[in-house]
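As the structure is a prediction and not an experimental result, all values here were calculated from the model. Each chain gets a letter, A, B and so on, in the order its sequence line appears, and its residues count up from 1.
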There are 2 protein chains.
Amino acid sequence: MTMMKEIAEEFVALISNLFGRFSELNKGATELSHMQNHVMEFMYMQQRAMNLKEISKGLNVAKQQLTIIIRNLEARGYLTKMPDPKDKRAVLVSLTPKGKEVIEKKWTYIYERFLEKFIRLDEEEQLDFHFALHKLNVLLKKMEDEA
Amino acid sequence: MTMMKEIAEEFVALISNLFGRFSELNKGATELSHMQNHVMEFMYMQQRAMNLKEISKGLNVAKQQLTIIIRNLEARGYLTKMPDPKDKRAVLVSLTPKGKEVIEKKWTYIYERFLEKFIRLDEEEQLDFHFALHKLNVLLKKMEDEA
DNA sequence: TCACTTAGTAAACATTTTATTACTATTATC
DNA sequence: GATAATAGTAATAAAATGTTTACTAAGTGA
């Protein structure tokens, strides 16, 4: 019982801990608005073509909004639309190479800042960190998959 | 070298992994706008009274914006302002009990959804998870503090 | 076939967020 | 003590986001 509470609190602490990095993500990004960024980020993480409805649900944004947002992203060359062969009403949206590049550039920034700090840990701590990180990712994934 | 790359990639994966929970955070929150939420969340994490300049820097938001945002939050009873005894130009902003409650309610939601999934892991996995989570938090904190 | 639902678009409108400029009262510096 | 820098406020315009209603074309199911 009390162990559960402790774990959940540590989980919340972890999220808080990473919160700062998250807000960093979209700082230098003057090329895109918040929502545009949000959509791009989501597309990147999902790693697959999606129709507007799926994006709408995933981001909790009205489909009417997405029409314009995606039209702009397409015009700038970050996304492409193609008709869904299985449903003639729908369109499949996917990232262009240029679109992927933009997102990857942002992650590279975080990635580098992380390494800067990481190498200040001593060797044993680095190993512990690596092990704990990996374990956590595996278990988190497992928790999601079983849901 | 290659181990560094691997670790940094796992770190990015962890952030991605937790991303979903983040966007959950402000879903049901109809009472506050994004920025208002942002400010509240920041205040909650910092756990101390701050002046506008500090909040402005921390959130990367112009102080001119904060004037109104904070005035509204104060009017709704989520924040209180008091003159800074050390600097007569400045005001110290802090969360009211009502303000803390609002933020805590949101975290409780995440907290509960986390536990739901967590209890599906077997006992050994739960122990591993706990250990890894704790280790990671400790080391992340250490990395930050040494920065 | 006929009613019903769904994917996407459109336009009008309110609200929020961002950006710019300017001002007062302090504080810091020299 | 004069001058410059800083904390906060104010007012405004512009851009972005959110909401509502309505429409077309395509799928669904009796």
Can you give each donor-acceptor pair under 3.5 Å made by side-chain atoms of residues 42-53 of chain B, sequence neighbours left out, with the distance rounded to 0.1 Å?
unit_1	atom_1	unit_2	atom_2	d
B:Tyr44	OH	B:Glu104	OE2	2.8
B:Arg48	NH1	B:Glu54	OE2	3.3
B:Asn51	OD1	B:Lys53	N	3.1
B:Asn51	OD1	B:Glu54	N	2.9

Practice item. Give me the residues of residues 70-77 of chain A where at least one heavy atom lies under 4.0 Å from an atom of DNA chain C, by number, or none. Key: A:Arg71

Practice item. Output, in order, the C-alpha distance, side-chain angles, deciding distance and verdict of side chain to side chain contact (heavy atoms under 4.5 Å, CB included) for B:Leu95 and B:Val102. Key: CA-CA 10 Å; B:Leu95 288 172; B:Val102 170; over 6 Å; no

**Study point:** Partner residues of A:Val138 under the side chain to side chain contact (heavy atoms under 4.5 Å, CB included) criterion, sequence neighbours left out
**Key:** A:His134

Review point. With a cut-off of 6.0 Å (strictly less than), are more than 12 heavy atoms of other residues, nucleotides or ligands near NZ of B:Lys98?
Key: yes

Check: residues 61-79 of chain A side-chain donor-acceptor pairs under 3.5 Å, at least two apart:
unit_1	atom_1	unit_2	atom_2	d
A:Thr67	OG1	A:Lys63	O	3.4
A:Arg76	NH1	A:Glu31	O	2.7
A:Tyr78	OH	A:Glu31	OE1	3.3

**Study point:** Distance, nearest 0.5 Å, that separates CG of B:Leu32 from CD1 of B:Ile103
**Key:** 7.0 Å

Practice item. With sequence neighbours left out, write down each residue that passes salt bridge (Lys or Arg N to Asp or Glu O under 4.0 Å) with A:Asp84, or none if nothing qualifies. Key: none

Review point. Residues from residues 78-85 of chain A sitting under 4.0 Å of DNA chain C, heavy atoms only?
Key: A:Lys81

Practice item. Would you please test B:Trp107 and A:Glu9 for side chain to side chain donor-acceptor pair (under 3.5 Å) and show each step? Key: CA-CA 10 Å; B:Trp107 282 106; A:Glu9 274 168 6; over 6 Å; no

Practice item. Walking along DNA chain C from 5' to 3', note the first and the last nucleotide with an atom under 4.0 Å from a heavy atom of chain B, and give both. Key: C:dT16 to C:dT27

**Study point:** Five-pair end axes of the helix from C:dA14-D:dT17 to C:dC30-D:dG1 and the angle they enclose, rounded to 10°
**Key:** 20°

Review point. Can you give one letter per nucleotide of nucleotides 18-30 of chain D, going 5' to 3': B for a protein heavy atom under 4.0 Å from the base, S for sugar-phosphate only, - for none?
Key: BBBB---BBS---

Practice item. Specify the separation, in whole Å, of atom NZ of B:Lys53 and atom P of D:dT9. Key: 14 Å

Check your understanding: For B:Met82, which fellow cluster members are found when Ile, Leu, Val, Met, Phe, Trp and Tyr are connected by side-chain heavy-atom distances below 4.5 angstrom, either directly or through intermediates?
Key -> B:Leu92

Exercise for review: Tell me, please, which residues at least two apart from A:Lys88 pass salt bridge (Lys or Arg N to Asp or Glu O under 4.0 Å).
Suggested key: none

Review point. Taking atom CG of B:Leu115 and atom CZ of B:Arg113, what is their separation to the nearest 0.5 Å?
Key: 12.0 Å

Exercise for review: Count the heavy atoms of every other residue, nucleotide or ligand shown that sit under 6.0 Å from NZ of A:Lys81, and state whether that count exceeds 12.
Suggested key: yes

Practice item. Treat each ILVMFWY residue as a node, draw an edge where side-chain heavy atoms are under 4.5 Å apart, and state whether A:Phe131 and A:Leu121 are in one component. Key: no

Point to revise | Non-neighbouring partners of B:Phe118 that pass ring pair (Phe, Tyr, Trp, His ring centres under 6.0 Å), sequence neighbours left out | key: B:Phe114, B:Phe129

Exercise for review: Nearest whole angstrom, please: distance from the P of D:dT17 to the CG of B:Asn37.
Suggested key: 17 Å

Revision key, fill the gap. On a heavy-atom basis, the closest approach of A:Leu18 and B:Leu18 is CD1-CD1, 3.6 Å

